[in-house]
Number of protein chains: 2
Amino acid sequence: MPVTLKELAARAGVHPSTISRVVNRDPGLRIAPETRARIEALIAETRYRPNGIARSLKLRQTFVVAVIIPDVTNPLFAGIFRGVEDVALTRGYNVILCNTDNLHEREASHLESLHARRVDGVILASATLADPSVARLRQLRIPFVLVNRYSDTRHAFVGSDDVAGGRLATAHLLSLGHRRIAHLAGSQKVSTSLLRRRGYLEALEQAGVEPDPALIVDGGFTEDLGARAMERLLALSRPPTAVFAVNDMAAAGAQDVLVRRGLRIPKDVSIVGYNDVPLVSRLHPPLTTVRVPPVRFGQASAEILFEQLETGTASSRRVVFQPELVIRASTGPPG
Amino acid sequence: MPVTLKELAARAGVHPSTISRVVNRDPGLRIAPETRARIEALIAETRYRPNGIARSLKLRQTFVVAVIIPDVTNPLFAGIFRGVEDVALTRGYNVILCNTDNLHEREASHLESLHARRVDGVILASATLADPSVARLRQLRIPFVLVNRYSDTRHAFVGSDDVAGGRLATAHLLSLGHRRIAHLAGSQKVSTSLLRRRGYLEALEQAGVEPDPALIVDGGFTEDLGARAMERLLALSRPPTAVFAVNDMAAAGAQDVLVRRGLRIPKDVSIVGYNDVPLVSRLHPPLTTVRVPPVRFGQASAEILFEQLETGTASSRRVVFQPELVIRASTGPPG
DNA sequence: CACCGTAACACAAACGTTTGTGCACGGCCC
DNA sequence: GGGCCGTGCACAAACGTTTGTGTTACGGTG
């Protein structure tokens with residue numbers, strides 16, 4: 001049971017409020033130097049730390065923010081978290097991490113819990129399009145910023161230009177001479193997937209190649225789902241010569257089935273991923289991918305959040321980074 | 001500004017304590033069915049959620065635990081986090097995540113902050129041998145459990161048998177015929193590194209091969225450090241025919257320099273990693289490694305922590321999992 | 001009819017802070 | 001010597017709960 005203000009006050013022979021003021025360096029405090037010295041000595045001696053709970057209750061501020069993501073196990077989201085933690089620490093904040101596994105129900109349940117805890121703000125990386133959770137956040141008047149994905153364009157958001165990313169990847173394949181380019185799309189309920197697909201379509205159109213619906217397969221974000229999608233593509237009468245995957249894990253899954261089938265990459269099939277997560281540069285062959293800066297996502301979103309906390313007004317700032325194509329050995333001219 | 005107990009009480013025409021008791025389903029509460037109905041309707045209508053801060057202050061319990069790890073970006077620690085979050089959620093707990101980057105200072109600073117917040121418990125995955133933070137945790141009387149690494153053997157701990165893991169990896173290489181087996185050791189300040197190295201030495205001894213100090217190079221846990229260590233090994237007059245790395249990232253780094261030098265794996269050099277993180281199975285060649293169950297680490301440690309919270313007594317339970325060798329294509333007989 | 005038990009609540013203190021205001025005392029000025 | 005001002009604190013309310021202990025009214029009992 002740690003020391004309390006009252007106990008310190010009793011030992012110092014002063015009123016608790018006095019202790020409080022020296023702890024908080026109240027600028028309006030007029031105090032005798034010797035009294036202050038006595039109190040400070042006592043504080044140091046007892047290693048007194050104010051009870052954050054009581055403090056929060058009084059101040060109506062918890063100095064805690066939460067980040068909600070689909071899954072930390074995904075390096076993209078882990079990076080985002082690092083970014084927000086970085087800036088949160090400099091402000092004396094701690095951060096609660098919530099994984100949703102892309103389940104709306106879990107997201108909603110986390111939200112209620114975070115509300116009950118009165119977190120000062122939320123950074124949401126798991127938003128789906130028209131996500132009911134963001135409506136709830138507004139209703140609860142919890143400051144928040146969307147990151148990586150957005151639910152609609154009215155809210156503060158930081159991410160990257162996914163349309164441009166999709167275009168980048170697809171244009172790269174087109175420039176290599178590919179015409180039958182497949183797309184391993186993610187869930188169309190999330191903005192990133194939707195936009196990358198749009199970028200894909202735009203690039204095709206711009207190159208004058210007619211998109212083939214059969215070449216667009218809705219998969220998911222995991223190795224497993226990427227692999228299954230790839231299998232469906234290979235079953236086609238005219239399989240693609242290249243595939244653009246919605247993320248690196250799906251690409252890795254696809255790559256795996258290609259290798260198992262004895263197909264050569266990029267000779268038989270070129271492949272490009274998205275995110276540039278660790279180790280994809282060491283795949284066989286090293287994966288061409290679109291790089292985004294997850295840590296900066298986190299930092300920027302945290303900064304916007306704190307801005308909101310300071311001004312007390314919801315912002316609708318949008319900061320979008322430009323993705324970067326990193327060309328490795330998984331792409332080449334069609335054989 | 002959310003509804004408070006008092007407001008509800010006023011609107012329901014009862015005393016706040018009554019509302020509190022129905023919210024908390026106080027078993028000793030005798031209440032008129034109609035009053036209860038009225039209150040429950042009001043609760044539902046206003047979506048009232050008790051202020052967790054006030055609750056925590058009164059109950060002296062925050063229902064928050066913290067997980068302290070070196071870096072979430074490492075899938076091992078991400079997995080541990082998922083494990084603890086899983087079980088924490090079922091108990092109505094949220095979890096704060098803290099990254100230390102293996103910096104004692106950051107660890108200590110996090111600890112003070114967590115103490116000020118009065119978290120109910122801590123799960124520490126970043127402990128070094130004789131870690132001062134562990135001493136501090138005891139001093140602060142914060143229930144905690146060590147995971148993956150330990151600081152000394154007196155405290156609750158969950159992890160795996162790293163000596164066995166080191167033996168497993170080394171014995172595998174020995175059985176393939178290797179005699180000059182190098183070890184990319186991590187920091188000898190952390191138990192995992194120390195123990196894996198011990199396992200390595202034990203296996204050598206058991207096989208009757210004299211360990212060569214030149215073949216043991218202290219590196220670190222990153223790709224970069226693994227790469228540099230590998231370079232030093234290759235500069236030796238008699239380089240090793242196999243290397244056992246303290247973790248997968250170091251192994252990947254080592255693998256990269258081997259490939260760049262035009263050496264064939266496993267023909268020229270065999271390599272084995274540790275942890276079996278995602279994608280190492282898709283490296284070129286797929287990495288032989290020692291698998292540990294990070295999520296179960298997290299779950300088990302959380303369960304021990306909650307056990308301590310319930311009984312109110314510090315435990316010194318140790319649960320250790322047996323690591324598993326998974327043999328892939330990065331290991332083979334010496335060429 | 002006095003008494004008691006019980007149902008159905010109300011009361012108030014406490015958790016550990018923060019902060020606006022109040023107050024006593026001493027010194028200075030005129 | 002009275003008034004005034006500044007210094008150095010003390011006082012108390014408030015933040016939103018929880019919970020042990022009253023308190024009231026009513027119905028039943030002997």
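To find a chain, count down the sequence lines: A is the first, B the second, and so on, and within it residues start at 1.
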Checklist entry - After noting the C-alpha distance and the side-chain angles of A/Glu40 and A/Glu45, does the key distance pass the side-chain contact (heavy atoms from CB on, under 4.5 Å) rule? => result CA-CA 8 Å; A/Glu40 280 174 346; A/Glu45 178 198 336; over 6 Å; no

Any idea which of [options] is nearest the [X] side chain?
{"X": "B/Leu57", "options": "D/dC9, D/dT18, C/dC15", "result": "C/dC15"}
{"X": "B/Arg60", "options": "C/dA8, C/dG16, D/dT19", "result": "C/dG16"}
{"X": "B/Leu5", "options": "D/dT18, C/dC9, C/dC15", "result": "D/dT18"}
{"X": "B/Ala32", "options": "C/dT19, C/dC9, D/dC9", "result": "C/dC9"}
{"X": "A/Asn51", "options": "C/dC9, C/dG16, C/dT18", "result": "C/dG16"}
{"X": "B/Lys58", "options": "C/dA13, C/dA8, D/dA13", "result": "C/dA13"}
{"X": "B/Tyr48", "options": "C/dT19, D/dT17, D/dC9", "result": "D/dT17"}
{"X": "A/Arg21", "options": "C/dT18, D/dG8, D/dA10", "result": "D/dA10"}

Next on the checklist: With nearest nucleotide decided by heavy atoms, which residue, B/Arg118 or B/Gly13, maps closer to the 5′ end of DNA chain C?
Outcome noted: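 Closer to the 5' end of DNA chain C: B/Gly13.
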
Just how far, in rounded Å, is [atom2] of [N] from [atom1] of [X]?
{"X": "A/Arg30", "N": "D/dA10", "atom1": "CZ", "atom2": "C1'", "value": "13 Å"}
{"X": "A/Asp26", "N": "C/dT18", "atom1": "CG", "atom2": "C1'", "value": "10 Å"}
{"X": "B/Leu29", "N": "C/dA8", "atom1": "CG", "atom2": "C1'", "value": "9 Å"}
{"X": "A/Leu8", "N": "D/dA10", "atom1": "CG", "atom2": "P", "value": "14 Å"}
{"X": "B/Phe63", "N": "D/dT17", "atom1": "CZ", "atom2": "C1'", "value": "12 Å"}
{"X": "A/Leu59", "N": "C/dC15", "atom1": "CG", "atom2": "P", "value": "19 Å"}
{"X": "A/Ile53", "N": "D/dT18", "atom1": "CD1", "atom2": "C1'", "value": "15 Å"}
{"X": "B/His15", "N": "C/dA12", "atom1": "NE2", "atom2": "P", "value": "8 Å"}

Checklist entry - Are the side chain of A/Asn99 and the backbone of A/Val72 linked by a donor-acceptor contact shorter than 3.5 Å? => result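 Side chain of A/Asn99 to backbone of A/Val72, a donor-acceptor pair under 3.5 Å: yes, one is there.
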
Checklist entry - For B/Ser133, does its backbone N or O pair with a side-chain atom of B/Glu107 as donor and acceptor, under 3.5 Å? => result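 Checking the backbone N and O of B/Ser133 against the side chain of B/Glu107, no donor-acceptor pair under 3.5 Å is found.
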
Next on the checklist: Taking atom types as they are modelled, would you say the side chain of A/Ser17 forms a donor-acceptor pair with the base of D/dC11 within the 3.5 Å cutoff?
Outcome noted: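 Such a pair exists between side chain and base.
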
Checklist entry - Using a cut-off of 4.0 Å on non-hydrogen atoms, how would the nucleic acid contact of B/Ser56 be classed: base, sugar-phosphate, or nothing? => result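 No contact at all - B/Ser56 keeps every heavy atom at 4.0 Å or more from the nucleic acid.
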
Next on the checklist: Between A/Thr18 and B/Ala54, which residue's closest nucleotide on DNA chain D lies nearer the 5′ terminus?
Outcome noted: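 Comparing both residues, the 5'-ward one is A/Thr18.
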
Item to check | 5' precedence on DNA chain D between A/Pro16 and B/Thr4 (nearest-nucleotide basis) | outcome: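 Its nearest nucleotide lies further toward 5', so the answer is A/Pro16.
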
Item to check | Nearest non-hydrogen partners of B/Pro70 and B/Arg149, listed with the distance | outcome: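 Distance-wise, the nearest heavy atoms are CG-NH2, 3.9 Å.
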
Checklist entry - For D/dT17, does OP1 or OP2 lie under 4.0 Å from any side-chain N or O of B/Arg55? => result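 Checking D/dT17 against B/Arg55, no side-chain N or O comes under 4.0 Å of OP1 or OP2.
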
Checklist entry - Looking at B/Tyr150, is B/Arg318 sitting on its ring face, NZ or CZ under 6.0 Å from the six-membered ring centre and within 45 degrees of the normal? => result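 Yes, a cation-pi geometry holds between B/Arg318 and B/Tyr150.
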
Item to check | B/Glu310/B/Arg91 salt bridge by N-O under 4.0 Å criterion | outcome: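 A salt bridge links B/Arg91 with B/Glu310.
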
